[in-house]
Amino acid sequence: MTIDWQLLGFGDEGWGGVLLDAAAVTVTVSLCAWLLGAVLGSLLCWMQIGGARWQQRLANGYITLFRGVPELLVIYLFYFGGRQVVSFVGETLGMQVPFDVNGFVAGAIAIGLISGAYQSGVFRGAFYAIPKGTLEAATVTGMGRLMLFRRMIVPQALRTALPGMGNQWQSVIKESALVSVTGLVETMNQISTASNSTQMPFFFYSVGAVIYLIITTCSDFVFRYVEKVAMRGQQRARL
């Protein structure tokens, strides 16, 4: 099989430029989803640990729902279901302008909601890893709840949660490939287009695998560096 490597060029006949743009879209939608998941995960963690009973039940129900429903189905519900909801609201308000749901927004929200369900477990485990004696000593010294949360709980829990958050980021990167069903031109969508256009599926899907591998590998180096920096103080204390 002869491979024309010019297909990956950045000229008019190459796919390099559009694949690079698609990879940027993949990273952007993944970052938005991951950040949304981090916010939701921390909120769910707080509801499970320190919330009222109805808040705990609500958080547990949310986690059960988004852990149990397939990711692709959640994306479909937000994209196609969201379109119907927005159209219904527009018709109710007497607006005749056609409504549509942006694939980027629908995908980022759907994956972010799923990620939040998993990140809540990461944050909850990190909180329980904090030595109780540390919190009790801080309370005895007269620290208020806000200061205790800001100076003791957040730094220690975040340091412990970093590996789990890194794993969730890797999962979000791979789950972002499912957003292609919304028509968003990200890596998987563009790879499929190039494959169909050139009739070279094995070559372009292999290129897609390399692109995702590059993104996840670079991300792994970044998280390892952040973890190393975050653990410096703890390593010095052990010495």
Shared hydrophobic cluster for [X] and [Y] (ILVMFWY, side-chain gaps under 4.5 Å):
| X | Y | value |
| --- | --- | --- |
| Met47 | Val154 | no |
| Leu36 | Phe78 | yes |
| Val18 | Val207 | yes |
| Tyr118 | Leu162 | no |
| Val105 | Leu77 | yes |

Looking at every heavy atom in both [X] and [Y], which two are closest together, and how far apart are they?
| X | Y | value |
| --- | --- | --- |
| Ser120 | Ile63 | OG-CD1, 3.3 Å |
| Ala38 | Phe123 | O-CE1, 3.4 Å |
| Glu227 | Pro163 | OE2-CA, 3.5 Å |
| Gly116 | Leu44 | O-CD1, 3.8 Å |
| Ser176 | Val29 | CB-CG1, 4.1 Å |
| Val172 | Ser30 | CG1-O, 3.4 Å |

| query | Would you say the ring centroid of Tyr62 lies under 6.0 angstrom from that of Phe66? | reply |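 For Tyr62 and Phe66, the ring centres are under 6.0 Å apart.
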Roughly how far, to the nearest 0.5 Å, is the [atom2] atom of [Y] from the [atom1] atom of [X]?
| X | Y | atom1 | atom2 | result |
| --- | --- | --- | --- | --- |
| Asn102 | Ile109 | CG | CD1 | 9.5 Å |
| Leu43 | Gln55 | CG | CD | 8.5 Å |
| Ser42 | Gln119 | OG | CD | 8.5 Å |
| Ile114 | Leu40 | CD1 | CG | 11.5 Å |
| Gln168 | Phe223 | CD | CZ | 10.0 Å |
| Arg159 | Ile130 | CZ | CD1 | 9.5 Å |

Side-chain donor/acceptor of [X] to backbone N/O of [Y], under 3.5 Å:
| X | Y | answer |
| --- | --- | --- |
| Gln170 | Thr216 | yes |
| Tyr79 | Thr182 | yes |
| Ser195 | Ile191 | no |
| Thr187 | Thr26 | no |
| Gln56 | Gly51 | yes |
| Ser197 | Thr193 | no |
| Ser115 | Ile111 | no |

Do [X] and [Y] have side chains that approach each other closer than 4.5 Å (heavy atoms only, starting at C-beta)?
| X | Y | result |
| --- | --- | --- |
| Ile49 | Arg124 | yes |
| Leu35 | Leu31 | yes |
| Met188 | Tyr212 | yes |
| Phe10 | Leu20 | yes |
| Pro131 | Gln156 | yes |
| Val181 | Leu178 | no |
| Leu8 | Phe203 | yes |
| Phe204 | Trp15 | yes |

Applying the side chain to side chain contact (heavy atoms under 4.5 Å, CB included) test to Val25, which of Leu184, Val185, Val179 qualifies?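 Output: one option passes, namely Leu184.
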- Task: Tell me, yes or no, whether the heavy-atom count around Arg67 atom CZ, taken from other residues, nucleotides or ligands under 6.0 Å, exceeds 12.
- Result: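 Count over threshold, so yes.
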- Task: Could you check whether the rings of Trp169 and Trp34 sit parallel, tilted or perpendicular, using 30° and 60° as the cut-offs?
- Result: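 Trp169 vs Trp34 ring planes: perpendicular.
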For Thr160 and Phe127: C-alpha separation, side-chain torsions, deciding distance, then whether side chain to side chain contact (heavy atoms under 4.5 Å, CB included) applies.
CA-CA 8 Å; Thr160 306; Phe127 174 80; over 6 Å; no
